[in-house]
Engineer: 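Here it is, the structure, as structure tokens.
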Protein chains: 2
Amino acid sequence: MPKSITRSYSRYSRDATALLGGLIRAARKERKLTAQEVADRAGISRGLLQRIEKGDLKCEIGAVFEVATIVGVPLFEADESALSRHLSRTREKLALLPKSVRKKSKTVRDDF
Amino acid sequence: MPKSITRSYSRYSRDATALLGGLIRAARKERKLTAQEVADRAGISRGLLQRIEKGDLKCEIGAVFEVATIVGVPLFEADESALSRHLSRTREKLALLPKSVRKKSKTVRDDF
DNA sequence: AGAAGATGGTCCATATATAGACCATAAAGG
DNA sequence: CCTTTATGGTCTATATATGGACCATCTTCT
């Protein structure tokens with residue numbers, strides 16, 4: 001990330017991340033799990049878990065999803081098999097779409 | 001991340017990330033958007049977008065969610081207001097839960 | 001109230017994700 | 001078919017996220 005960039009995020013993205021973090025924290029407490037315990041199970045540090053629960057946008061998605069899985073917050077589909085099926089269907093669908101998106105048709109009838 | 005750790009992820013996390021990436025790619029193509037266009041709009045590099053669409057677990061969640069938002073893949077709730085409401089409810093719920101999770105009650109009646 | 005423990009924050013060193021340039025290939029469209 | 005351009009990959013430098021230690025404060029339970 002050379003230029004030292006401060007990335008901007010839409011409200012939707014921020015809300016979604018904050019919501020996910022909140023759900024994780026709530027789920028963790030309902031299950032009476034310590035931050036340290038969950039962090040250990042996820043193979044991350046307690047500090048990172050705190051940031052995830054706070055809705056920090058700059059955490060790796062793998063860590064966030066892993067924690068969500070551990071405390072029982074469903075992503076997309078509740079069960080694994082449903083998710084797998086959905087994944088397969090998406091792959092099939094993707095196979096049908098054009099491989100490349102053509103942009104420069106140019107002369108797009110902006111002539112009048 | 002001192003110790004040079006290769007993080008392990010559950011199948012569920014991997015599938016969820018792959019699914020999200022696939023949905024993003026499918027949505028992008030349906031909308032006839034070039035990888036470069038979406039990357040520019042999201043303020044990220046084309047390379048990162050490729051990794052996101054491939055379901056790379058080590059991308060920052062903010063970038064992933066931002067791209068999803070741009071191409072129109074819904075996170076949690078479809079519309080923003082619903083998401084905001086859900087967020088509020090989660091915050092309220094969280095306020096009711098105990099602030100700390102006690103673990104060492106010890107002497108948990110394992111004595112018999 | 002006191003003790004034990006959980007949480008939240010800071011700081012630093014370092015592993016690593018990212019941007020950007022580059023190249024090769026493939027695919028769309030004229 | 002031939003041109004154009006989108007895609008996918010590699011490589012490098014650098015910005016930065018993370019782990020770990022530390023500390024202060026607050027909670028819970030006795």
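Letters A, B, ... are given to chains in the order of the sequence lines, protein chains preceding strands, and every chain is numbered from 1.
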Engineer: Between Ala35(A) and Val101(A), just flag the one whose closest nucleotide in DNA chain C comes earlier from the 5' side.
Structural biologist: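 The residue closer to the strand's 5' end, by nearest nucleotide, is Ala35(A).
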Engineer: Enter the distance from Thr17(B):OG1 to Leu75(A):CG here, rounded to the nearest 0.5 Å.
Structural biologist: 7.5 Å
Engineer: Hey, what do you get for CZ (Arg7(B)) to OG (Ser13(B)), rounding to the nearest 0.5 Å?
Structural biologist: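 So the CZ of Arg7(B) and the OG of Ser13(B) are separated by 11.5 Å.
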Engineer: Atom CG of Leu97(A) and atom P of dA27(C): how far apart are they, to the nearest Å?
Structural biologist: 14 Å
Engineer: To the nearest Å, how far apart are Leu49(B) CG and dG9(D) C1'?
Structural biologist: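 Interatomic distance, CG of Leu49(B) to C1' of dG9(D): 15 Å.
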Engineer: What is the distance from CG of Leu48(A) to P of dT7(C), rounded to the nearest Å?
Structural biologist: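 Answer to the nearest Å: 15 Å.
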Engineer: Starting at CD1 of Ile44(A) and ending at C1' of dA15(C), how long is that distance when rounded to a whole Å?
Structural biologist: 16 Å
Engineer: Is the shortest side-chain N to carboxylate O distance from Glu80(A) to Arg85(A) below 4.0 Å?
Structural biologist: no
Engineer: Between Glu53(B) and Arg28(B), does at least one N-O distance fall below 4.0 Å, as a salt bridge requires?
Structural biologist: yes
Engineer: Between Gln50(A) (CD) and dT10(C) (P), how many Å, whole number?
Structural biologist: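 Nearest whole value for this atom pair: 11 Å.
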Engineer: From Thr90(A) OG1 over to Leu23(B) CG, what is the distance, rounded to the nearest 0.5 angstrom?
Structural biologist: 4.5 Å
Engineer: My understanding is that only residues two or more places apart in sequence, or in another chain, count here; which of them pass side-chain hydrogen bond (donor to acceptor under 3.5 Å, both in side chains) with Tyr9(B)?
Structural biologist: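 Applying side-chain hydrogen bond (donor to acceptor under 3.5 Å, both in side chains) to Tyr9(B) gives Glu60(A), Lys58(B).
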Engineer: At a heavy-atom distance below 4.0 Å, what parts of residues 14-29 of chain B sit against DNA chain D?
Structural biologist: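 Heavy-atom contacts with DNA chain D come from Arg25(B), Arg28(B).
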Engineer: Going by an N to O cut-off under 4.0 Å, is there a salt bridge joining Glu30(B) and Arg25(B)?
Structural biologist: no
Engineer: Send over the distance from Ile61(B) CD1 to dA17(D) C1', rounded to a whole Å.
Structural biologist: 14 Å
Engineer: Starting at OG of Ser84(A), measure out to NE2 of His86(A) and round the result to the nearest 0.5 Å.
Structural biologist: 11.5 Å
Engineer: Looking only at side-chain N and O atoms, does Arg51(B) come under 4.0 Å of OP1 or OP2 in dT7(D)?
Structural biologist: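 So the side-chain polar atoms of Arg51(B) never come under 4.0 Å of the phosphate oxygens OP1 or OP2 of dT7(D).
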Engineer: With 3.5 Å as the limit, what N/O pairs link the protein to nucleotides 22-27 of chain D?
Structural biologist:
from, atom 1, to, atom 2, distance (Å)
dT27(D), O2, Arg102(B), NH2, 3.4

Engineer: Should we say atom CZ of Arg41(A) is surrounded by more than 12 heavy atoms from elsewhere, each under 6.0 Å from it?
Structural biologist: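 No - once you tally the heavy atoms of other residues, nucleotides and ligands closer than 6.0 Å, there are 12 at most.
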Engineer: Base, sugar-phosphate, or nothing for Lys54(A), non-hydrogen atoms under 4.0 angstrom?
Structural biologist: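 If one applies the 4.0 Å heavy-atom cut-off, Lys54(A) turns out to touch the sugar-phosphate alone, with no base involved.
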Engineer: I need the CD-C1' distance between Glu60(B) and dT18(C), as an integer number of Å.
Structural biologist: 9 Å
Engineer: How many Å lie between CG on Leu33(A) and P on dT7(C), as a whole number?
Structural biologist: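 Taking atom P of dT7(C) as the reference, CG of Leu33(A) is at 10 Å.
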